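No experiment lies behind these values; they were computed from the predicted model shown.
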Amino acid sequence: MLNVLAIFLGGGIGAVLRYLVGLNFSKYFNISLPISTFFVNIIGSFIIGFLFFFFMEKTDITPALKLALTVGFCGGLTTFSTFSLEIFEMFSNQQFVQGLIYIFLSIIVCLLMTMIGAYFAKLV
């Protein structure tokens, strides 16, 4: 039950942070790609890569904390469903080039950020 509560709390914090990032990014960026979703997915990819390898070395961290930060926080912060909806909307609006750029950048940059996060975790 503690693990479920930890995931619930971490997920709530991540989701609220994602919402706040979306509010603030819409004020400052006006580009054709959904920058707030892109940003939280990049940051979340870095964090999950870092935490995955960091937790491999740290056996004294409780399973509940690991779940709160990975499944909960990173799961709440990042969003594949919003990413999918944004691409669907782009394609529906005949924005095929922007949609394909968004898909390509999201996959490549998020994978790179996961790898960079893992690299930094190995340095700690």
Side-chain angles (χ1 to χ4, degrees):
M1 190 64 181
L2 178 61
N3 289 346
V4 173
L5 180 61
I7 294 167
F8 174 77
L9 291 174
I13 292 168
V16 169
L17 183 58
R18 176 175 19 107
Y19 172 75
L20 294 174
V21 167
L23 283 179
N24 286 303
F25 269 54
S26 64
K27 292 178 188 176
Y28 301 108
F29 295 99
N30 188 16
I31 61 174
S32 62
L33 295 177
I35 191 73
S36 63
T37 303
F38 186 59
F39 180 77
V40 296
N41 286 341
I42 290 170
I43 296 303
S45 294
F46 174 84
I47 293 170
I48 198 89
F50 180 88
L51 291 175
F52 179 78
F53 282 96
F54 181 76
F55 290 152
M56 289 174 102
E57 303 293 323
K58 305 289 183 186
T59 57
D60 58 335
I61 298 174
T62 67
L65 181 57
K66 290 177 183 179
L67 289 169
L69 294 174
T70 56
V71 177
F73 180 75
C74 289
L77 176 65
T78 61
T79 174
F80 191 78
S81 57
T82 301
F83 169 73
S84 299
L85 178 62
E86 290 164 346
I87 293 167
F88 176 78
E89 288 174 341
M90 286 178 179
F91 288 171
S92 295
N93 293 324
Q94 307 294 315
Q95 297 173 312
F96 299 111
V97 173
Q98 292 94 332
L100 291 173
I101 289 170
Y102 184 42
I103 291 167
F104 178 77
L105 285 176
S106 293
I107 292 170
I108 298 300
V109 173
C110 288
L111 179 59
L112 286 172
M113 291 305 289
T114 302
M115 293 166 43
I116 291 169
Y119 171 78
F120 278 106
K122 291 177 184 177
L123 296 178
V124 176

(message) I need the minimum non-hydrogen distance between Met90 and Gly99, along with the two atoms involved.
(response)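 For Met90 versus Gly99, the nearest heavy atoms are SD-CA, 3.4 Å.
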
(message) So which atom in Lys66 and which in Ile61 form the shortest heavy-atom distance, rounded to 0.1 Å?
(response)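 Shortest heavy-atom contact: CE-O, 3.5 Å.
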
Please say yes or no: joined through hydrophobic side-chain contacts below 4.5 Å, possibly via intermediate residues, are [X] and [Y] part of one cluster?
| X | Y | value |
| --- | --- | --- |
| Ile103 | Phe80 | yes |
| Ile107 | Ile116 | yes |
| Tyr28 | Phe25 | yes |
| Ile43 | Leu105 | yes |
| Ile13 | Leu2 | no |

(request) With sequence neighbours excluded, give me every ring-ring contact (aromatic ring centres under 6.0 Å, His included) pair touching residues 54-78. (result)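 As it turns out, the ring-ring contact (aromatic ring centres under 6.0 Å, His included) pairs with a partner in residues 54-78, which skip direct neighbours, are Phe50-Phe54.
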
(request) Output every pair passing ring-ring contact (aromatic ring centres under 6.0 Å, His included) with a member in residues 98-124, not counting sequence neighbours, ordered by first then second residue. (result)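 As it turns out, the ring-ring contact (aromatic ring centres under 6.0 Å, His included) pairs with a partner in residues 98-124, which skip direct neighbours, are Phe83-Tyr102.
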
For a 4.5 angstrom cut-off between non-hydrogen side-chain atoms, does [X] reach [Y]?
| X | Y | result |
| --- | --- | --- |
| Met115 | Ser45 | no |
| Thr62 | Leu65 | yes |
| Leu77 | Leu17 | yes |

Interatomic distance, [X] atom [atom1] to [Y] atom [atom2] [nearest 0.5 angstrom]:
| X | Y | atom1 | atom2 | answer |
| --- | --- | --- | --- | --- |
| Tyr19 | Asn24 | OH | CG | 10.0 Å |
| Glu89 | Gln98 | CD | CD | 13.5 Å |
| Ser92 | Ile87 | OG | CD1 | 11.5 Å |
| Leu67 | Leu9 | CG | CG | 12.5 Å |
| Cys110 | Ile48 | SG | CD1 | 12.0 Å |
| Glu86 | Thr79 | CD | OG1 | 7.5 Å |

(request) Tell me, with the steps shown, if Phe52 and Thr70 meet side chain to side chain contact (heavy atoms under 4.5 Å, CB included). (result) CA-CA 8 Å; Phe52 179 78; Thr70 56; over 6 Å; no

(message) Restricting to ring pair (Phe, Tyr, Trp, His ring centres under 6.0 Å), what partner residues turn up for Phe96, sequence neighbours left out?
(response)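 Phe96 satisfies ring pair (Phe, Tyr, Trp, His ring centres under 6.0 Å) with Phe91 once adjacent residues are dropped.
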
(message) For Val40, is there any backbone N or O sitting under 3.5 Å from a side-chain donor or acceptor partner on Arg18?
(response)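 Here the side-chain-to-backbone pair does not exist.
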
